Amino acid sequence: MKTIATIKVLAASVIAVVVMVGIARFSYTPMIPEMMDALGLSQSVVGLLATVNYAGYLTGALLITRISDLDLKVKLYQLGLIVAVVSTVLMGYTTDVWLWFLLRFFSGLSTSAGMLLGAGLLMSWLIKNNEKSELGVFFSGIGLGIVLTAVLAELIKESFSWDQQWVIYGLVGLALIVPVWRWMPDYRACALPRTGGTAGNDERSRFIVILQLAYFCAGVGYVVTATFLVAIAESMPELSGRGWLIWLIAGLAATPACWLWDVFSRRWGQWTALYLAYMLNSVSILMLILNTSMASVMLSAVIYGASFIGIVSMMLAMVGRVFPENPSRPMSRLTFSYGIAQMLAPAVVGYLADVEGNYTNGLWLTLLVMALGVVMVHLARQAKGREMEPAR
């Protein structure tokens with residue numbers, strides 16, 4: 001049974017993810033129609049704001065791969081909390097597009113701090129304190145962030161203007177960082193001694209390179225559904241104007257799934273769990289191709305939410321365990337690959353949809369990439385096995 005101190009540390013980490021991912025990143029999704037209606041924003045500006053946010057996230061991931069100083073990591077993690085709140089609130093105080101670009105870029109930087117520095121610091125704390133080195137609970141914050149923004153959007157959209165809504169999101173984030181600051185442990189005391197083993201070679205490891213390719217494929221599966229699931233739902237008469245509900249369902253499915261994947265991984269092994277998560281993610285995509293009834297789309301959202309978050313949680317926890325001296329670095333390498341997929345895949349699938357008038361071929365292409373991802377996971381498993389074999 002976990003101690004009160006451990007529960008507080010885990011709670012602080014989860015709430016930080018809600019702030020730096022849920023508030024800083026996902027609040028933009030329900031704000032898109034609000035800003036388009038009020039300000040007449042074009043689709044190109046809306047898309048560029050999303051791209052700039054991804055660019056900030058990728059920049060943060062790239063920078064984190066170069067940081068090894070633990071004290072600096074802690075300071076940047078704490079700064080990320082503040083930037084998440086400030087960049088969100090200020091979105092409501094300007095209509096200058098270039099300032100929006102700057103704010104969304106900084107919110108992307110804060111998201112990388114929350115996801116990567118947060119995961120790495122927590123992994124180090126868990127190992128140092130002899131706790132299970134699993135990140136399922138940590139990544140449940142992503143699902144909670146989706147749920148929070150979806151519910152909050154529905155509660156405030158009728159009573160507040162678009163600019164007031166941005167401020168409300170920021171104030172909610174400000175309230176949430178209070179317990180984070182109070183319960184955050186002294187991560188500076190969690191430095192692990194260097195072993196001189198495999199961890200020092202993480203940059204050149206064949207295993208991590210193949211795992212990056214597998215995670216790129218998972219990024220394609222994640223972002224294509226995240227981008228077009230709501231659009232598919234909105235095109236259905238039964239769900240017109242209720243796309244937020246589908247996103248909420250995905251978030252509700254993702255929230256407990258991280259913990260369940262940890263349990264499954266413990267029982268059946270991390271590689272078996274990864275194979276299953278990739279296959280379930282593929283099934284959620286296939287359902288959108290074969291049947292777009294309301295029941296099918298809702299079930300697809302459930303499977304999608306449960307599977308994509310499992311891949312993220314298990315992949316990052318795996319490299320954190322393999323390279324415990326500096327877990328944030330390999331986590332950032334994987335995330336950079338995932339982020340590249342998030343920038344490229346929607347453009348390709350969107351182009352195919354424009355040309356053909358539907359998402360069918362784009363979704364089939366996504367399925368093919370996910371199948372390649374399963375192959376990459378298998379090759380990574382083989383590479384890891386060879387690296388663990390004793391030299392002859």
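Please read these numbers as outputs of a predicted model, since none were measured by experiment.
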**Report entry** Side chains of Met331 and Phe323 in contact at under 4.5 Å (non-hydrogen atoms)
**Finding:** no
What pairs of donor and acceptor atoms, side-chain ones from residues 209-224 against any protein atom, are under 3.5 angstrom apart with sequence neighbours left out?
from	atom 1	to	atom 2	distance (Å)
Gln212	OE1	Arg333	NE	3.4
Gln212	OE1	Arg333	NH2	2.7
Gln212	NE2	Arg333	O	3.1
Gln212	NE2	Ser337	OG	3.0

Pair Asp262-Arg266, salt bridge (Lys or Arg N to Asp or Glu O under 4.0 Å): steps then yes or no
CA-CA 6 Å; Asp262 277 349; Arg266 240 177 280 148; 5.1 Å; no
- Message: Using side-chain heavy atoms (C-beta onward) and a distance below 4.5 Å, is Met115 in contact with Tyr338?
- Response: no
Side chains of Phe105 and Asn53 in contact at under 4.5 Å (non-hydrogen atoms)
no
Q | Side-chain (Ser332) to main-chain (Leu62) donor-acceptor, under 3.5 angstrom | A | no
Shortest non-hydrogen pair, Ile340 vs Leu58, comes out as N-CD2, 3.8 Å
Ring pair (Phe, Tyr, Trp, His ring centres under 6.0 Å) pairs touching residues 126-146, sequence neighbours excluded, are none
- Leu248 side chain near Glu154 side chain, heavy-atom distance below 4.5 Å: no
Closest non-hydrogen contact found for Ala113 with Leu76 is CB-O, 4.1 Å
Does the plane of the ring in Trp98 sit parallel, tilted or perpendicular to the ring in Phe101? Use 30° and 60° as the thresholds.
perpendicular
Report task. Decide yes or no for Leu148 and Phe26: does some side-chain heavy atom of the first lie under 4.5 Å from some side-chain heavy atom of the second? Result -> no
Between Thr3 and Thr6, a side-chain donor and acceptor under 3.5 Å: yes
If only side-chain N and O atoms count, and only distance matters, is there a donor-acceptor pair under 3.5 Å linking Asp96 with Thr94? no
Exercise. State whether the side chain of Ser107 and the backbone N or O of Ala84 hold a donor-acceptor pair below 3.5 Å, judged by distance alone.
Key: no
On a heavy-atom basis, the closest approach of Gly173 and Ile23 is CA-CG1, 4.3 Å
Note: Tyr187 and Leu70 closest approach over all heavy atoms is O-CD2, 3.3 Å
Heavy atoms, side chains only, cut-off 4.5 Å: are Val322 and Lys384 in contact? yes
Self-check item: Cation-aromatic face contact Arg25/Tyr57, 6.0 Å, 45 degrees
Solution: yes
Residues Thr149 and Ile146: closest non-hydrogen pair is OG1-O, 3.1 Å
query = So do the side chains of Met287 and Val283 get within less than 4.5 Å of each other, counting heavy atoms only?
reply = yes
> Taking C-beta and beyond as the side chain, do Trp166 and Thr88 meet within less than 4.5 Å on heavy atoms?
Replying inline: yes
**Request:** Tell me, with the steps shown, if Leu367 and Ile289 meet side-chain contact (heavy atoms from CB on, under 4.5 Å).
**Result:** CA-CA 10 Å; Leu367 263 181; Ile289 298 173; 3.9 Å; yes
